[in-house]
Amino acid sequence: MEMERKGIIEVLALIFPNQTIDIGDDDSFIDKLGMDSISFVSFVIGIESKFDIEVPDEYSLPSKLDTLNKTYDLLRRERG
């Protein structure tokens with residue numbers, strides 16, 4: 001899971017280059033980083049590219065993919 005965490009943090013750092021990404025597993029990207037709809041789309045694209053997966057439509061709402069734990073769950077599901 002450490003490799004996944006590092007990859008997710010790298011994606012977030014590209015989207016929020018002027019912020020230190022110090023986030024806990026259950027911290028909301030929306031509340032902690034100020035993620036909005038545009039940065040959320042960038043996050044989804046970044047996750048798809050970084051981990052070579054396709055994010056399913058049911059994760060297309062920020063509330064479904066706004067924490068590290070939710071992103072870990074997605075990665076486990078999509079990678080088998």
Side-chain angles (χ1 to χ4, degrees):
M1 185 152 62
E2 187 59 33
M3 292 295 288
E4 292 171 340
R5 179 181 177 76
K6 183 179 178 195
I8 296 165
I9 297 296
E10 287 173 1
V11 170
L12 289 169
L14 290 173
I15 298 167
F16 301 100
N18 298 324
Q19 294 185 36
T20 300
I21 309 299
D22 181 23
I23 195 158
D25 287 346
D26 288 315
D27 289 341
S28 169
F29 303 151
I30 297 164
D31 297 336
K32 188 91 174 187
L33 301 173
M35 182 177 273
D36 60 16
S37 58
I38 293 171
S39 53
F40 176 73
V41 171
S42 296
F43 178 68
V44 170
I45 293 168
I47 291 298
E48 288 179 331
S49 177
K50 182 77 175 175
F51 295 100
D52 195 29
I53 63 167
E54 186 170 328
V55 175
D57 289 342
E58 65 255 30
Y59 287 91
S60 63
L61 296 172
S63 63
K64 298 287 188 174
L65 199 58
D66 70 335
T67 68
L68 290 172
N69 276 333
K70 290 177 184 178
T71 309
Y72 298 147
D73 290 343
L74 165 72
L75 293 174
R76 278 191 290 274
R77 175 184 163 186
E78 292 305 307
R79 295 163 115 190

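Residues satisfying the side chain to side chain contact (heavy atoms under 4.5 Å, CB included) criterion with Ser28, sequence neighbours excluded, are Ile30, Asp31, Asp66.
Within the 4.5 Å cutoff, side-chain heavy atoms of Leu68 are placed close to those of Phe29. Residues Leu65 and Ile47 are not in side-chain contact: their nearest non-hydrogen atoms beyond the backbone lie 4.5 Å or more apart. Side chains of Asp36 and Pro62 form no contact here, defined as non-hydrogen atoms less than 4.5 Å apart.
Between Pro56 and Glu78, the shortest heavy-atom contact is CG-OE2, 3.3 Å.
Within a 6.0 Å sphere centred on CD of Glu58, heavy atoms belonging to other residues, nucleotides or ligands number more than 12.
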Taking only distance into account, with no hydrogens and no angle test, what donor-acceptor pairs under 3.5 Å do side-chain atoms of residues 3-19 form with protein atoms, sequence neighbours excluded?
residue: Glu4; atom: OE2; partner: Arg79; partner atom: NH1; Å: 3.3
residue: Arg5; atom: NH1; partner: Asp25; partner atom: OD1; Å: 3.0
residue: Arg5; atom: NH2; partner: Ile23; partner atom: O; Å: 3.0
residue: Glu10; atom: OE1; partner: Lys50; partner atom: NZ; Å: 2.4
residue: Gln19; atom: NE2; partner: Leu33; partner atom: O; Å: 3.2

Step by step, work out the side chain to side chain contact (heavy atoms under 4.5 Å, CB included) result for Val44 and Glu48. CA-CA 6 Å; Val44 170; Glu48 288 179 331; 4.1 Å; yes
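Salt bridge annotation for Asp73-Lys70: absent, with no cationic side-chain nitrogen under 4.0 angstrom from a carboxylate oxygen.
To the nearest 0.5 Å, atom CG of residue Asp26 and atom NZ of residue Lys32 are 12.0 Å apart.
In the hydrophobic cluster analysis, where Ile, Leu, Val, Met, Phe, Trp and Tyr join through side-chain heavy atoms closer than 4.5 angstrom, Leu74 is grouped apart from Ile45.
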